[in-house]
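The sequence lines fix the lettering, A, B, ..., with proteins before strands; numbering per chain opens at 1.
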Protein chains: 2
Amino acid sequence: MPRVTGTKKAILEAALQLAATKGITGTTMDEVAELAGVAKGSVYYNFTNKDQLFEELMEQGVGALAEVLREARSGLHGWSAIEALVDTLLGRIQENSALAKLMAAEMFRTDRAWQKTLFALRHEALGEFAAAIAESAPAAKNNGTSELMASSVFGAVLMGGLEWLVFEPERSREEVAATILQALGGQLRPA
Amino acid sequence: MPRVTGTKKAILEAALQLAATKGITGTTMDEVAELAGVAKGSVYYNFTNKDQLFEELMEQGVGALAEVLREARSGLHGWSAIEALVDTLLGRIQENSALAKLMAAEMFRTDRAWQKTLFALRHEALGEFAAAIAESAPAAKNNGTSELMASSVFGAVLMGGLEWLVFEPERSREEVAATILQALGGQLRPA
DNA sequence: GTCTATATTCTGATAGAC
DNA sequence: GTCTATCAGAATATAGAC
């Protein structure tokens, strides 16, 4: 994947920022062009149509996330791997909250043109969590619930992270990471 | 809150089903009218405009959820209360997956006309989780992270529940509830 | 209360000059 | 590669008959 620069990059960035607050359907190509500082014709020169623009956006974003998670887990095992994944995911949510909002909104949509592409990348990103969970909780591995549990853990970090950034931004990242890990680490259940 | 019946009810139900798959912005008033089996004029007779229709929809849905959670927790404490809340929320997600999808998509939008209304109800629903968590994890209560932890737990159930309904519908509800509770109950962390 | 018909605005997309 | 101008269709909302 060659890195995107120049006009194309500006358009993708503008589209991401707009879609994070207004949603994809609520974002118009006119707005994208204006925020990117180019004419609408240039948007259509770089992307076939609106669907293709947002497909490429999601593909790049989720693809990069999956790669970062893979690196974060490499060499680690069990609870340490889960800690690293949670911390890394939270970091990505902080640095790219626009993409996080977009993912939360799009993750369970089943009517998109790019559904298949997104599903594959989603599966890849969740797979990192599932693998770490299978190591840490053998019971989950045996009855095949690793992926389901991975979704729960991912959801905990995503919702917790967005709660932080949107409603309690005064907290430190360390505090938020620790809080989420406590919720997942059995602190809720008495010994 | 008087229960809504007849035409108004049909319109709200149609709007919910459509918005669950196409999103609110992607749902047109023509489609709502058609699915509800009424003319568009009747939609505008019952609701001032599109925003007001969906505000009422979200208000009813999230309000009912908050009430159900309150009942589920009453009389219970500590981990038992959390178990009951998780199980009840999962049940609501199963029975009303359309609303669950809508909530996931709308929860962190900050540009909606009805943002304030939704925020208050969201806070109310999360408050049930936060209260149970404050009892169960005194540390969270002391440093004021109960609400943040509540968001994480809510996110775990919501994402886990939707993963189940959208991607692994062959599983039983009991199995899903147990899996999510394991993730939250410290099964991931070695003793 | 419900309908049909219509006004008006918005939006995705294209054509063609530079 | 980028721009301006423009079209065709869609979407919100209203008016007025029944």
Colleague: So, Glu163(A) and Arg171(A), do they make that salt bridge, N to O below 4.0 Å?
Modeller: no
Colleague: Separation of Tyr44(A) atom OH from dC7(D) atom P, in whole Å?
Modeller: 17 Å
Colleague: If I compare all heavy atoms of Arg73(B) with all of Ala132(B), which pair ends up nearest, and what's the gap?
Modeller: CD-CB, 4.0 Å
Colleague: Name the orientation class of the two ring planes belonging to Phe154(B) and Phe129(B) (parallel below 30°, tilted from 30 to 60°, perpendicular beyond 60°).
Modeller: perpendicular
Colleague: Just to be sure I understand the geometry, which residues of residues 18-38 of chain A put a non-hydrogen atom under 4.0 Å away from DNA chain D?
Modeller: Val38(A)
Colleague: Using a 4.0 Å cut-off to any heavy atom of chain B, which nucleotides of DNA chain C are the first and last in contact, reading 5' to 3'?
Modeller: dG1(C) to dT4(C)
Colleague: Does Lys141(B) have more than 12 heavy atoms from other residues, nucleotides or ligands lying within 6.0 Å of its NZ?
Modeller: no
Colleague: Any donor and acceptor pair, going by atom type alone, linking the side chain of Ser74(A) with main-chain N or O of Glu71(A) inside 3.5 Å?
Modeller: yes
Colleague: Can any side-chain N or O of Ser97(B) pair as donor or acceptor with the backbone N or O of Ile93(B) at less than 3.5 Å?
Modeller: no
Colleague: Check Ala150(A) against Ala130(A) and note the closest heavy-atom contact, atom names and distance.
Modeller: CB-N, 3.6 Å
Colleague: Please name the pair of heavy atoms, one in Ala20(B) and one in Leu102(B), separated by the smallest distance, quoted to 0.1 Å.
Modeller: N-CD1, 4.4 Å
